[in-house]
Amino acid sequence: MARVLLAWIGKTDIKAASGDAAVGEGPLAQALVDRDFDHVVLLNNYREEEAALVERWLKKKTKASLVVRQEKLSSPTHYADIYRAVTAAVPWAVGEYGKKAKLTFHLSPGTPAMASIWIIVAKTRFEAELIESSKEAGVRTADVPFELAAEFIPEVIRRADEDLERLSGGLRPEEPKFGDILHRSDAMKRLVRRARQAAPYSAAILIEGESGTGKELLAAAIHKESPRQGMPLVTVNCGAIPKELVESQFFGHTKGAFTGAGADHAGYFEQAEGGTLFLDEVGELPLDAQVKLLRALQEKKVRRVGGKTDVPVDVRVIAATNRNLLDEVREGRFREDLYFRLAVLVLKVPPLREREGDVGLLLQRLLDKLNADMVAQSGVHKKLSAGARNILQQHHWPGNVRELEATLLRAFVWSKGPSIEESEAREALVGVPAAGAGQEVLGRPLGDGFRLADLLGDVARHYLARAMAEAQGNKTRAASLVGLSNYQTLKNWLEKYGVAE
C-alpha cells in the first residue's frame, strides 16, 4: 500500500529552502523527516523557480518521489479555486499510486483557506489522515472532531469566506489584517472579500466612496495583507499639495534644484520603494500633474527635479476618490489614460446608510475609544442609554462614519451625567448637515426598526434648529420662518422636540 502525502507549498517552506534559519526546517521537511512516505504530491501557487528550490531542498530530506503540480489561483484565499485544485490533484494521485493508497493531507503549509479545503475534502470525498506541524510541537495528527455531508459541499464552496471557515473548524488568519474594518453587513462582507482577493497582487487599485467611508483604512488593510506588507505604506493627500510642488513632492529633487532646495530629497515614489503608494483624493490632482504621474506609472521610473538620471521604482499604487472619475473624464478634468491605469481593480466602499447592521457595532467601537481617551485625559467614562443608542442607530448618517464619530463626541462632551440620554443624543444631531435630505427622508426602508414618529421628529428638530439659528434666537422671527402662527406655538414645538432656545 503506497503512502502518499499531499500538501501545498507554503511561504515558510520557501524560506526554509532558502536557508532562513529562523523558520527551522519548515512544515514539509518536518513531515518528511518525521514520517515515511513513498510519494509526495506538492501543489504550488508560487513562482515555478520557488517550487523548484523547495523540491531540491526536500529531496535531501526524503527518498520519496516528488511531484509538483503548478496551480493558478486567483488568490491564495479563494476557496473555490483551492477546492478545484485539490479535487483535481487527489484523484490524479489515486490514479497514479493506486486506489488503496494511504493518503495524508498536510494542513500547515499554505494559507488557512488551503487548510480548510483539505479538511473538507478529507471529511467528504477522500479518506485521508490530516497532519499538522510546527517548529515547537513537531508533527502530529490533527484532531478534527466533526463530520460534513458531501451533498452540501458544492453549496458550501459558494458561501462567503466566514461560513467556510466556520465549517472547517474555525481556522482564521494568524494576523487578521482587516480586523480594524468593523462590519457585519453583507455590503461590507462583499467589499472585504474583494479586497482580500486583490491584496496578493501588484495591480493598481482604485477605491471609490463618499467622504468618511474609510477608504484609507481599507487601503492600509490591503497593504498589510499583501506581499509588500513589510515595506513602506506612503500616504499622499493629493488635494493638499500646492500645484507648483507636485513634481518635487512626487519625484523628489536634488540639492540646489530650486530656491530652498538645500539638500537632496526623495519623493513619494522613492519613499514607497518596494511597498505601496496610497494616493488619497487622486481626483484633486491638476491635469499637468496627472500627465507626470501617468508617465511615472507607465515607465516605472522617476527623475528628481534637477536630476540627470532616472531612478527605477517598484511600488504598488492604490488610489482613492470621493468623485466619480468617469464623470471627471467626460468633463475633461481627469485624464482617461490615467483613469484606466489606476482603475485596474475597482473597490467601491458603501456609504454607512447602505451598511445595514453596522451602525451599532461602530457606535460601540467609537464609544470604547472615546472612553479610553477621555479617562486618560479627565477620568470621565460614559455609556449610551438605550434611547440614545436607538436615536443614533436610526439616523441616516449622510456624512458616514466620520459624521457618526463627530456626533458621538459632541454628545459625549455636552451630556451632563455618566450616561448619554436620548435628549442629549437628539441635541447632538441638531445642525448635522443632511446632504440629499429629501431623497434620504423619502427613500428610507420600511420595517427593521423604522418609526414614522421618530422620522418626523428628526425633520422637525432639523428645521426648528435652523430657524432659531437663522433668526438669531428671535422666536417670533423663527416661528414665521417655519410657518408657525406665533411665538408661543414655536415655544411649544421647541419643548416637545428638545431643541435648545
Side-chain angles (χ1 to χ4, degrees), residues 179-185 188 209-221 235 237 239-240 280-281 320 322 349-437 440 449 454-455 457-466 468-469 494 497-501:
D180 288 338
I181 302 177
L182 200 63
H183 65 283
R184 67 159 63 105
S185 64
M188 287 300 293
E210 297 175 6
S211 295
T213 50
K215 297 186 290 294
E216 184 173 353
L217 194 64
L218 182 64
T235 298
N237 184 345
D280 197 12
E281 300 306 344
N322 62 3
V349 185
L352 191 52
R353 59 185 173 275
E354 295 176 8
R355 295 172 55 178
E356 184 177 349
D358 285 357
V359 174
L361 289 175
L362 291 165
L363 267 176
Q364 192 56 53
R365 169 73 66 85
L366 293 171
L367 183 62
D368 290 344
K369 181 177 181 295
L370 256 179
N371 275 320
D373 292 344
M374 294 300 183
V375 166
Q377 294 175 32
S378 58
V380 176
H381 185 282
K382 297 188 180 184
K383 62 181 181 179
L384 275 172
S385 70
R389 189 178 295 275
N390 286 337
I391 290 297
L392 296 176
Q393 285 187 189
Q394 292 166 11
H395 187 66
H396 212 41
W397 301 113
N400 297 299
V401 180
R402 193 174 296 146
E403 179 194 353
L404 173 64
E405 185 173 17
T407 302
L408 186 60
L409 174 59
R410 193 158 49 241
F412 192 104
V413 171
W414 294 126
S415 58
K416 300 178 180 68
S419 176
I420 300 171
E421 301 301 328
E422 180 176 343
S423 61
E424 293 165 331
R426 290 188 189 280
E427 186 177 358
L429 285 168
V430 169
V432 171
E440 291 175 6
D454 288 340
L455 180 60
D458 288 343
V459 173
R461 275 182 290 277
H462 171 80
Y463 285 104
L464 288 169
R466 279 183 55 188
M468 288 296 290
L494 295 175
Y497 292 107
V499 178
E501 299 182 16

Inset, instruction - Look at the side chain of Ser419 and the backbone N and O of Leu384, then say whether any donor-acceptor pair between them is shorter than 3.5 Å. - result: no
Legend entry - Student check: side-chain heavy atoms of Leu363 and Leu404 closer than 4.5 Å: yes
Legend entry - Heavy-atom closest pair, residues Ser385 and Glu422: OG-N, 3.7 Å
Legend entry - Spacing of NZ belonging to Lys383 relative to CG belonging to Leu367, to within rounding of 0.5 Å: 11.0 Å
Legend entry - Side-chain heavy atoms of Leu429 within contact of Arg461, under 4.5 Å: no
Legend entry - Qualifying residue for side-chain contact (heavy atoms from CB on, under 4.5 Å) with Phe412, from Leu370, Thr407, Asp373: Leu370
Legend entry - Donor + acceptor pair across side chains of Asn400, Thr213 (<3.5 Å): no
Legend entry - Interatomic spacing from CZ in Arg410 to CD in Glu427 - rounded to 0.5 Å: 10.0 Å
Legend entry - Donor + acceptor pair across side chains of Arg426, Ser423 (<3.5 Å): no
Legend entry - Donor-acceptor under 3.5 Å (Arg355 side chain, Ser185 main chain): no
Inset, instruction - Mark yes or no for whether Lys215, through its side chain, and Val349, through its backbone, hold a donor-acceptor pair below 3.5 Å. - result: no
Inset, instruction - For residues Ser415 and Ile420, report the shortest heavy-atom separation together with the two atoms involved. - result: OG-CG1, 3.7 Å
Inset, instruction - For Lys382 and Lys416, indicate whether the former's side chain and the latter's backbone hold a donor-acceptor pair under 3.5 Å. - result: no
Inset, instruction - Taking the side chain as every heavy atom from C-beta outward, state whether Leu352 and Glu403 have any pair of such atoms under 4.5 Å apart. - result: no
Inset, instruction - Look only at the side chain of Asn322 and the backbone of Ser211, and say whether a donor-acceptor pair between them is shorter than 3.5 Å. - result: no
Inset, instruction - Could you pull out the closest heavy-atom pair between Met188 and Ile181, with the gap in Å? - result: CE-CG2, 3.6 Å
Legend entry - Distance-minimising heavy-atom pair for Arg184 and Asp358: N-OD1, 2.7 Å
Legend entry - Atom of His381, atom of Asn371 and distance for their closest heavy-atom approach: CA-OD1, 3.3 Å
Inset, instruction - Specify the closest pair of heavy atoms between Leu362 and Leu182, including all atoms of both residues, with the distance to one decimal. - result: N-CD2, 4.0 Å
Legend entry - Side chain proximity check, Leu392 to Val359, heavy atoms < 4.5 angstrom: no
Inset, instruction - May I ask you to test the Glu405-Arg365 pair for a side-chain heavy-atom distance under 4.5 Å? - result: no
Legend entry - Donor-acceptor pair, side chain of Glu424 and main chain of Trp414, under 3.5 angstrom: no
